[in-house]
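First comes the structure, then the notes that go with it.
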Amino acid sequence: MKKLTIAILFAAAILTGGEVLFRSDFNAGTDGWRGWSVSYPVDVAVCRDAEIGESVLVLTVPDTGWNTPMRDFESALTVASTTVIRFRIKTECDGDFELNLFDRTEDAEYSLLFPVKAGEWVTVQKYLFKAGYKRGGSPGAPNDGLLGDRLCGIQIAS
């Protein structure tokens, strides 16, 4: 069974003393997060993690296939040069994971890679404007990066 545990500390926050654009808090439930898998439904639950003493989102699938947390934003967030995403993640597998970013402006998908180590909490912090183009896009859209574009959701792909 492939199990993915994720604790979101901050998501899409501006670190220049500006406002927090989005923040997940699992003390009151899943906070709009859901799971996606090709082969099986993803079991999504919230539990208290003894190691860090926080409520965390736990996603489980009964095989070794995809197990990806996803979150849509109620209103799109504008990506600035100072917009970062920050979260902690713990998984049962080593490797490179991918943060997929859904660009409403271009109707395209951008991505950022990050490494994880099995059984360890890893803190990920990335500037969103540095994401590379992945796929999609409206006809005529320049696919010129996320800077200035409206972000409507994220996915963490294992």
Side-chain angles (χ1 to χ4, degrees), residues 2 4-39 41-42 44 46 52 54-59 61 65-91 93-117 120-158:
K2 188 174 183 181
L4 176 71
T5 303
I6 178 171
I8 300 294
L9 300 178
F10 299 100
I14 297 174
L15 296 181
T16 57
E19 66 180 310
V20 173
L21 301 177
F22 171 79
R23 181 182 175 134
S24 282
D25 179 350
F26 302 119
N27 291 319
T30 61
D31 192 33
W33 285 86
R34 66 189 190 284
W36 177 85
S37 178
V38 173
S39 52
V42 177
V44 180
V46 173
I52 63 172
E54 303 259 346
S55 293
V56 296
L57 186 68
V58 179
L59 296 99
V61 292
W66 289 101
N67 182 5
T68 67
M70 297 180 74
R71 179 66 156 80
D72 296 324
F73 301 127
E74 289 80 21
S75 50
L77 312 173
T78 301
V79 177
S81 62
T82 55
T83 305
V84 301
I85 188 165
R86 178 181 166 89
F87 59 91
R88 294 178 74 187
I89 186 168
K90 180 177 167 181
T91 73
C93 56
D94 289 323
D96 288 326
F97 278 34
E98 187 174 51
L99 177 65
N100 295 317
L101 307 158
F102 304 112
D103 183 341
R104 178 173 288 158
T105 305
E106 297 175 8
D107 195 26
E109 191 174 328
Y110 285 79
S111 68
L112 293 162
L113 295 175
F114 62 93
V116 297
K117 293 217 33 111
E120 294 181 16
W121 281 104
V122 175
T123 299
V124 177
Q125 181 170 309
K126 298 278 187 176
Y127 282 96
L128 297 184
F129 82 93
K130 293 184 176 184
Y133 172 76
K134 184 174 180 179
R135 65 177 158 226
S138 299
N143 304 122
D144 58 356
L146 287 174
L147 190 59
D149 288 358
R150 307 280 291 159
L151 186 67
C152 61
I154 58 176
Q155 175 188 39
I156 300 172
S158 54

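Position 1 is the first residue of the sequence, and the numbers go up from there.
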When rounded to the nearest 0.5 angstrom, what distance separates CZ in R104 from OG1 in T78?
10.5 Å
Please tell me if the side chains of T91 and F97 come closer than 4.5 Å, counting only heavy atoms from C-beta onward.
yes
Sub-4.5 Å side-chain heavy-atom contact between I89 and I156:
yes
Indicate yes or no: at least one non-hydrogen side-chain atom of L128 is less than 4.5 angstrom from one of L101.
yes
Where do I85 and F22 land on the side chain to side chain contact (heavy atoms under 4.5 Å, CB included) test, with the steps shown first?
CA-CA 9 Å; I85 188 165; F22 171 79; over 6 Å; no
For the residue pair N100 and S111, establish whether any side-chain heavy-atom pair is separated by less than 4.5 Å.
yes
Atom CD in E109, atom CD1 in I154: separation rounded to 0.5 Å?
12.0 Å
Mind checking the OG-NZ spacing from S81 to K130? Nearest 0.5 Å is all I need.
10.5 Å
Between R23 and D31, is the salt bridge (charged side-chain N to carboxylate O under 4.0 Å, His left out) condition met? List the steps.
CA-CA 9 Å; R23 181 182 175 134; D31 192 33; over 6 Å; no
Any idea which heavy atoms bring Y127 and L112 closest together, and the distance?
O-CD1, 3.9 Å
Could you go step by step and tell me if R34 and V42 meet the side chain to side chain contact (heavy atoms under 4.5 Å, CB included) rule?
CA-CA 8 Å; R34 66 189 190 284; V42 177; over 6 Å; no
Run the salt-bridge test on E54 and R88 with the 4.0 Å N-O cut-off and return the result as yes or no.
no
Heavy-atom distance under 4.5 Å between the side chains of L59 and W33, does that happen here?
no
Is the side chain of Y110 donor-acceptor paired with the backbone N or O of G145 at a distance under 3.5 Å, no angle test?
yes
When every non-hydrogen atom of V79 is compared with those of F129, the smallest separation belongs to CG1-N, 3.9 Å
Mark yes or no for whether T105, through its side chain, and R150, through its backbone, hold a donor-acceptor pair below 3.5 Å.
yes
Keeping K126 on the side-chain end and L113 on the backbone end, is there a donor-acceptor pair under 3.5 Å?
yes
Closest approach of V122 to P115 (non-hydrogen atoms, all atoms of both residues):
CG1-O, 3.8 Å
E120 side, atom CD; T123 side, atom OG1 - distance, nearest 0.5 Å
11.0 Å
Could you check if a side-chain atom of L57 sits within less than 4.5 angstrom of a side-chain atom of T30, using non-hydrogen atoms only?
yes
What heavy-atom pair brings N143 and A108 nearest, and what distance separates the two atoms?
ND2-CB, 3.5 Å
Quick one: CG on L21 to CG on L77, what's the gap to the nearest 0.5 Å?
5.5 Å
Heavy-atom closest contact (A80 atom, L147 atom, distance)
C-CD1, 3.5 Å
D144 and E106: which non-hydrogen atoms are nearest, and at how many Å?
OD1-OE2, 2.7 Å
